[in-house]
Amino acid sequence: MSLPEEQIVPWHTVSSIRAGMGNVPIIRPKTAADLTEALQHYVHLGTRLIPLGNGTNLIGSDTDYPDLVGVKTTGLDKISLLDNDLFLLESGVFLPAFICTVARTGHGGMAALSGIPTTIGGALAMNAGANGSSISDFTVEINGIDLVSGAMWQWHTGEGGWGYRRSPVPPTVCITSAVLKLSPCTAAIERKAIETELERRRRVTPKGRSCGSVFRNPDSAPAGKLLEESGCKGMECGVFSVSQQHANWIVNLSGLPGKAEDCLALATRMKKMVNDKFGIQLQLEWRVC
Ligand SMILES: Cc1cc2nc3c(=O)[nH]c(=O)nc-3n(C[C@H](O)[C@H](O)[C@H](O)COP(=O)(O)OP(=O)(O)OC[C@H]3O[C@@H](n4cnc5c(N)ncnc54)[C@H](O)[C@@H]3O)c2cc1C
C-alpha cells in the first residue's frame, strides 16, 4: 500500500460550475484502504483536509491553498449487496448509476433521486433530495473518519440529525461508506419511474454548467419565486449569470473557468435584492471553499 500521489489542480476543475481560479493539492484514493491510510497520514501531520465528491455543490477559491489537501472520492465506487435490500456503498459511488443498476436486479424506491448528479458522500453530507424524498429516507448506517482526530465515526438509524438539506455528518468527517436500504421492486416499473424522472429533469434543468440551486427554500415561499419577483433573472458577473429558466440557478453558459469571487458576488446581489423587496434573508445552499 502506498499513499496516493498529490496533484496540484485549479479549484475550478473540482467545481461543476467551474468557479475558482486558485490552486489546491488533491489526492484521488482508489481503494478504501488507500483512503483510510491517506487520511490517517494527513491527520497525523495536522494537514487540513476537505472531502470532494462530484463538485456539484462546491464553489472553489481564487486563492492558492498549499496547506490544504482535497480528498477526491470518486474512485471509491464499490457496491456490495449485504442482505436482501441492504447495500454497502463506498462514498464515491455515483448515485444515479447506483439507482439504475440495482433497479435491474429488483431493488428500488429511489427513482425520485435518480437525477441528482451526486456521489453518496456528497449526498449524505448535504442530505440531497428531490420530489419530497431525500437520501436520509434510505440511510441505515454511515461510516467515516474524523479529519481532526483520525478516529472512526459512525451514524446509525435512529440517531437523527437530519432535516431539509441538514445532515448529522459533522463538517470535520470524511464519509468512507454507507449502508442504504432499498425496497423490492419490479424492474420494468422501476425503470419506467427512473426514465420519467430523468425526462422531467431534462425539461426543467436550466441550461449551462451549475452547482444546482443557489439558495435553500425559506419556509414562506420557494427561493426561485422570490428571486424572480425581485428581478434577478439575467443578472451577470464575469462568466456567471442568473438563469433565464430558473432564478435560483446561477449558470456558467460558456463553460469557461471563472472567479469564485464573481460567482459569490452575484449570489450576494441576489440575496440583497430579495432582502430589500421581501425582508427575507436567503441562506446559501452551496458549500464555499
Ligand atoms: C444539475 C444539478 C442538479 C442538482 N439537483 C439537486 C437536487 O435535485 N437536489 C439536491 O439536493 N441537490 C441537487 N444538486 C446539488 C448537488 O448535486 C448536491 O448537493 C450533491 O449532494 C452534492 O454532491 P457532490 O458529490 O457533488 O458533492 P460536492 O459538491 O463535491 O461536495 C458538497 C459538500 O459535501 C462534502 N462532501 C463530499 N463528499 C464527502 C464525503 N465523502 N464525506 C464528507 N463530506 C463530503 C464536501 O466537502 C462539500 O462540503 C444539483 C446540482 C446540479 C449541478
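What you are looking at is a predicted structure, and each value in this text was computed from that prediction instead of being measured. When a ligand or atom number is given, it counts from 1 through the structure's own listing order. For the numbers below, each heavy atom of this structure counts, side chains included, while hydrogens, waters and symmetry mates do not. Position 1 is the first residue of the sequence; numbering continues from there.
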Quick test: of every protein heavy atom, which one is nearest to [atom], and how far off is it to 0.1 Å?
{"atom": "atom 49 (O) of ligand 1", "result": "R287 NH1, 3.0 Å"}
{"atom": "atom 45 (C) of ligand 1", "result": "P51 CB, 3.6 Å"}
{"atom": "atom 29 (O) of ligand 1", "result": "N57 N, 2.8 Å"}
{"atom": "atom 4 (C) of ligand 1", "result": "P117 CD, 3.7 Å"}
{"atom": "atom 27 (O) of ligand 1", "result": "G122 CA, 3.6 Å"}
{"atom": "atom 24 (P) of ligand 1", "result": "N54 N, 3.4 Å"}
{"atom": "atom 20 (C) of ligand 1", "result": "T118 OG1, 3.2 Å"}
{"atom": "atom 33 (C) of ligand 1", "result": "M126 SD, 3.6 Å"}

Just wondering, do [Y] and [X] contact through their side chains at under 4.5 Å, heavy atoms?
{"X": "V214", "Y": "L284", "result": "yes"}
{"X": "V179", "Y": "F87", "result": "no"}
{"X": "I135", "Y": "N127", "result": "yes"}
{"X": "L89", "Y": "L180", "result": "yes"}
{"X": "L68", "Y": "C289", "result": "no"}
{"X": "L52", "Y": "L58", "result": "yes"}
{"X": "I250", "Y": "I17", "result": "yes"}
{"X": "F215", "Y": "M270", "result": "yes"}

Measuring from [atom], which candidate in [options] has the nearest non-hydrogen atom?
{"atom": "atom 18 (C) of ligand 1", "options": "T56, T73, V14, I142", "result": "T56"}
{"atom": "atom 7 (C) of ligand 1", "options": "S133, G212, A128, G129", "result": "G129"}
{"atom": "atom 36 (N) of ligand 1", "options": "G55, A125, P170", "result": "A125"}
{"atom": "atom 42 (N) of ligand 1", "options": "I17, I175, I116", "result": "I175"}

Ligand-residue contact atoms, ligand 1 with [X], heavy atoms, under 4.0 Å:
{"X": "T119", "value": "25 (O)"}
{"X": "L58", "value": "29 (O), 48 (C)"}
{"X": "W249", "value": "1 (C), 2 (C), 3 (C)"}
{"X": "C174", "value": "42 (N), 43 (C)"}
{"X": "R201", "value": "3 (C), 4 (C), 5 (N), 7 (C), 8 (O)"}
{"X": "A123", "value": "21 (O)"}
{"X": "V173", "value": "42 (N), 43 (C)"}

Next on the checklist: Just to be sure I read this right, does ligand 1 sit under 4.0 Å from the backbone of S210, its side chain, both, or neither, counting only heavy atoms?
Outcome noted: both

Next on the checklist: For a salt bridge (charged side-chain N to carboxylate O under 4.0 Å, His left out) check, start with the C-alpha distance between K225 and E228, then their side-chain angles and the critical distance, and finish with the verdict.
Outcome noted: CA-CA 5 Å; K225 184 169 184 290; E228 182 165 353; over 6 Å; no

Establish, from distance only, whether the side-chain atoms of [X] and [Y] form a donor-acceptor pair under 3.5 Å.
{"X": "N143", "Y": "T176", "value": "no"}
{"X": "S254", "Y": "N252", "value": "yes"}
{"X": "E37", "Y": "Y42", "value": "no"}

For the 3.5 Å polar cut-off, considering only N or O atoms, please tell me whether [X] and ligand 1 meet it.
{"X": "T205", "result": "no"}
{"X": "N127", "result": "no"}
{"X": "E285", "result": "no"}
{"X": "S16", "result": "no"}

Checklist outcome for this item: Test salt bridge (charged side-chain N to carboxylate O under 4.0 Å, His left out), reference E285, set R165, R166, K271, output is R165

Next on the checklist: What verdict does the side-chain contact (heavy atoms from CB on, under 4.5 Å) test give for I175 and V169, after you've listed the backbone C-alpha separation in whole Å, the side-chain angles of each residue and the deciding distance to 0.1 Å?
Outcome noted: CA-CA 8 Å; I175 299 160; V169 182; 3.9 Å; yes

